[in-house]
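All ligand and atom numbering here is 1-based and tracks the order in the structure. When a residue number appears, it is its place in the shown sequence, counting from 1.
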Amino acid sequence: MSERVGLFETLYTARALRRFKPDAISDDVLFQIMDAAIRAPSGQNAQDWRFIVVRETHAKQKLQEWSATPWLRYSARYVEHPELIDELPRSQRLSLRSVEHLVHHLAEAPAVIVVLGLKGRHSTPGGSAFPAVQNLLLAARGLGLAGSVFNFPLSHEPELREMLAVPDNNVIYCLLPIGYPTDKHGPLRRKPVRDVVYMDRFGERWGFAEDQPDEGWQARWIDN
Ligand SMILES: Cc1cc2nc3c(=O)[nH]c(=O)nc-3n(C[C@H](O)[C@H](O)[C@H](O)COP(=O)(O)O)c2cc1C
């Protein structure tokens with residue numbers, strides 16, 4: 001039985017986690033996560049999202065293999081100057097390490113969920129897919145699992161499409177490795193409300209937000 005967390009604690013702690021225990025995800029847990037994902041809104045309630053849950057080892061190994069391409073490009077600067085990693089702020093350093101871990105262990109994630117939608121169906125592509133993605137990640141968090149968007153395998157999109165038999169009229173929006181995390185959930189580091197929310201006009205500061213703490217109100221929801 002997983003711990004019970006309320007809606008706001010879930011929102012404030014569902015950070016991107018990329019290291020997983022080997023524990024499988026049972027079908028009833030997976031069903032609950034997907035059943036929550038498809039409660040999301042979509043334009044005209046089209047629900048043209050489709051999800052492929054990749055559990056098969058060989059397929060996950062291919063996803064892992066393809067992840068190496070963007071990682072090599074991305075990490076090139078650190079290969080030449082590994083000391084740059086140590087100079088990063090702590091949170092960035094840890095997140096870089098967790099990305100590196102996933103690049104080398106993606107095949108061990110119990111499931112990688114590939115999110116699709118009909119090409120040309122909506123005027124704001126993605127707007128009808130990512131609400132379901134967020135529902136999915138929050139539902140996973142609520143059940144003690146975790147995950148994140150991880151699009152590195154999209155660097156080999158033609159091969160990915162062929163392997164998963166994705167029809168040409170579908171866009172691949174993202175991939176979501178999920179599982180039971182070895183790292184802790186939350187808290188989430190974000191720019192404060194005062195810096196990103198304006199009143200009535202772009203750039204107009206919101207007095208009330210100016211007076212709130214930098215980390216917002218997460219302390220109301222998270223037992224540290
Ligand atoms: C559209 C989108 C694409 C992303 N692509 C990747 C990706 O390719 N690789 C990766 O490691 N993380 C990816 N992420 C995860 C973000 O890096 C992560 O959600 C963000 O840094 C916040 O992390 P936090 O919630 O742990 O603070 C993506 C997230 C989004 C929303």
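Across the listed options N151, L96, V103, N151 owns the non-hydrogen atom lying nearest to atom 7 (C) of ligand 1.
Among all non-hydrogen protein atoms, the one lying nearest atom 11 (O) of ligand 1 is R18 NE, 3.2 Å. Here the protein heavy atom with the shortest distance to atom 9 (N) of ligand 1 is F152 CE1, 3.4 Å. Counting only heavy atoms of the protein, atom 22 (C) of ligand 1 lies nearest to R190 NH2, 3.7 Å.
For a threshold of 3.5 Å applied to N or O pairs, the pair formed by V149 and ligand 1 contains at least one separation below that value. In terms of polar-atom proximity, defined here as any N/O pair under 3.5 Å, F130 makes no such contact with ligand 1. For a threshold of 3.5 Å applied to N or O pairs, the pair formed by R189 and ligand 1 contains no separation below that value. Residue contacts with ligand 1: S148 is placed with no nitrogen or oxygen under 3.5 Å of a nitrogen or oxygen of the ligand (distance criterion only).
The shortest side-chain heavy-atom distance between L96 and Y78 falls under the 4.5 Å cut-off. Using a 4.5 Å heavy-atom threshold, the side chains of Q134 and P131 count as separate. Proximity of L176 to V115: side-chain heavy atoms (C-beta onward) are separated by under 4.5 Å at one or more points. Side-chain contact between C174 and F130 is present, with at least one heavy-atom pair separated by less than 4.5 Å.
In this structure, L188 and R15 approach most closely via the heavy-atom pair CD2-CB, 3.1 Å.
The distance from atom CE of M163 to atom CH2 of W66, rounded to the nearest 0.5 Å, is 4.0 Å.
Counting heavy atoms closer than 4.0 Å to ligand 1, residue L17 contributes nothing at all.
Counting protein heavy atoms under 4.0 angstrom from atom 26 (O) of ligand 1 gives one or more. Counting protein heavy atoms under 4.0 angstrom from atom 20 (C) of ligand 1 gives zero.
For ligand 1, the atoms sitting less than 4.0 Å from at least one non-hydrogen atom of V99 are 11 (O), numbered in the order shown with element in parentheses. Counting the atoms of ligand 1 from 1 in the order shown, those under 4.0 Å from a heavy atom of L188 are 25 (O). Of all the atoms in ligand 1, the ones that sit under 4.0 Å from a non-hydrogen atom of A16 are 23 (O), 24 (P), 25 (O), 26 (O).
In summary, R55 and D27 engage in a salt bridge, as defined by a charged side-chain N under 4.0 Å from a carboxylate O.
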For residues 28-36, run the donor-acceptor check on the side chains, cut-off 3.5 Å, and write out each pair with its distance to 0.1 Å, sequence neighbours left out.
from, atom 1, to, atom 2, distance (Å)
D28, OD1, S26, OG, 2.5
D35, OD1, R39, NH2, 2.5

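Residues satisfying the side chain to side chain contact (heavy atoms under 4.5 Å, CB included) criterion with R73, sequence neighbours excluded, are T69, P70.
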